[in-house]
Amino acid sequence: MRTALALQHALRLPTSQRMGKPSLYQRLRSNAQVRFGLFLLGLLLIVAAPILGPLPGPGFIILFPAGLMLSLQNSPWAKRVYARFQRRHPRYAAWTDRIMRRASAARRRAREALEKASNGD
């Protein structure tokens, strides 16, 4: 039993070579037409969010961030527009970043908290 485990451990590839197969979503996104379709789906969700907002249920809170994420992931143009929006309206951009749970926003908040703590000392 012990030798079998040692043999399995010895046959393992280094971490850099053990990369898994890309997910279906990543493979589909490598196609330009699929990326464009996902971008359009994102825009459709963004447009549908305020229309469905007055209906009972959390429609706007789910549809708007999902559409924004699809748009930002699949369009360089949307990323530039969003970056400009973030610079002009940091308060609203922080709100959308929190809703979308963006990793960059979490890093920015942690960095700002660290700067505030170091300036307060």
Side-chain angles (χ1 to χ4, degrees):
M1 175 78 174
R2 190 171 219 192
T3 57
L5 288 176
L7 184 60
Q8 283 179 344
H9 182 69
L11 292 176
R12 281 192 179 165
L13 293 172
T15 308
S16 61
Q17 293 179 4
R18 273 193 286 152
M19 295 179 63
K21 190 169 72 168
S23 69
L24 176 64
Y25 180 68
Q26 290 171 337
R27 284 181 292 180
L28 285 174
R29 281 190 56 212
S30 65
N31 184 344
Q33 289 140 346
V34 172
R35 268 195 322 274
F36 183 70
L38 289 171
F39 172 68
L40 288 180
L41 177 64
L43 288 180
L44 178 69
L45 290 175
I46 289 171
V47 169
I51 296 169
L52 296 176
L55 296 176
F60 180 82
I61 294 174
I62 293 172
L63 290 180
F64 186 77
L68 194 57
M69 282 188 289
L70 279 173
S71 298
L72 290 176
Q73 284 180 349
N74 295 298
S75 170
W77 171 81
K79 287 179 188 177
R80 285 191 304 271
V81 170
Y82 185 69
R84 200 174 313 133
F85 173 77
Q86 281 182 316
R87 282 193 302 276
R88 289 184 183 157
H89 308 287
R91 183 173 160 197
Y92 298 121
W95 182 79
T96 56
D97 283 342
R98 282 181 194 263
I99 296 286
M100 292 190 314
R101 297 182 174 198
R102 297 190 68 195
S104 60
R107 286 191 305 267
R108 188 179 320 110
R109 283 192 306 271
R111 188 173 52 242
E112 289 170 357
L114 221 111
E115 288 173 0
K116 187 187 288 186
S118 67
N119 291 338
D121 288 341

Q. With sequence neighbours excluded, what pairs up with Phe36 under the ring-ring contact (aromatic ring centres under 6.0 Å, His included) test?
A. none
Distance-only check: which donor-acceptor pairs under 3.5 Å involve side-chain atoms of residues 54-74, not counting sequence neighbours?
residue, atom, partner, partner atom, Å
Ser71, OG, Gly67, O, 3.0
Gln73, OE1, Tyr25, OH, 2.6
Asn74, OD1, Arg29, NE, 3.0
Asn74, ND2, Leu70, O, 2.8

Q: Can you sort out the partners of Leu114 under side-chain contact (heavy atoms from CB on, under 4.5 Å), two or more places apart, ordered by chain and number?
A: none
Q.
Quick check: is Phe39 connected to Val81 through a chain of hydrophobic side chains (ILVMFWY, heavy atoms under 4.5 Å apart)?
A. yes
Q) Do Leu40 and Leu44 come close enough that some side-chain heavy atom pair is under 4.5 Å? A) no
Q) Which residues satisfy the side-chain contact (heavy atoms from CB on, under 4.5 Å) test with Arg88, sequence neighbours excluded? A) Arg84
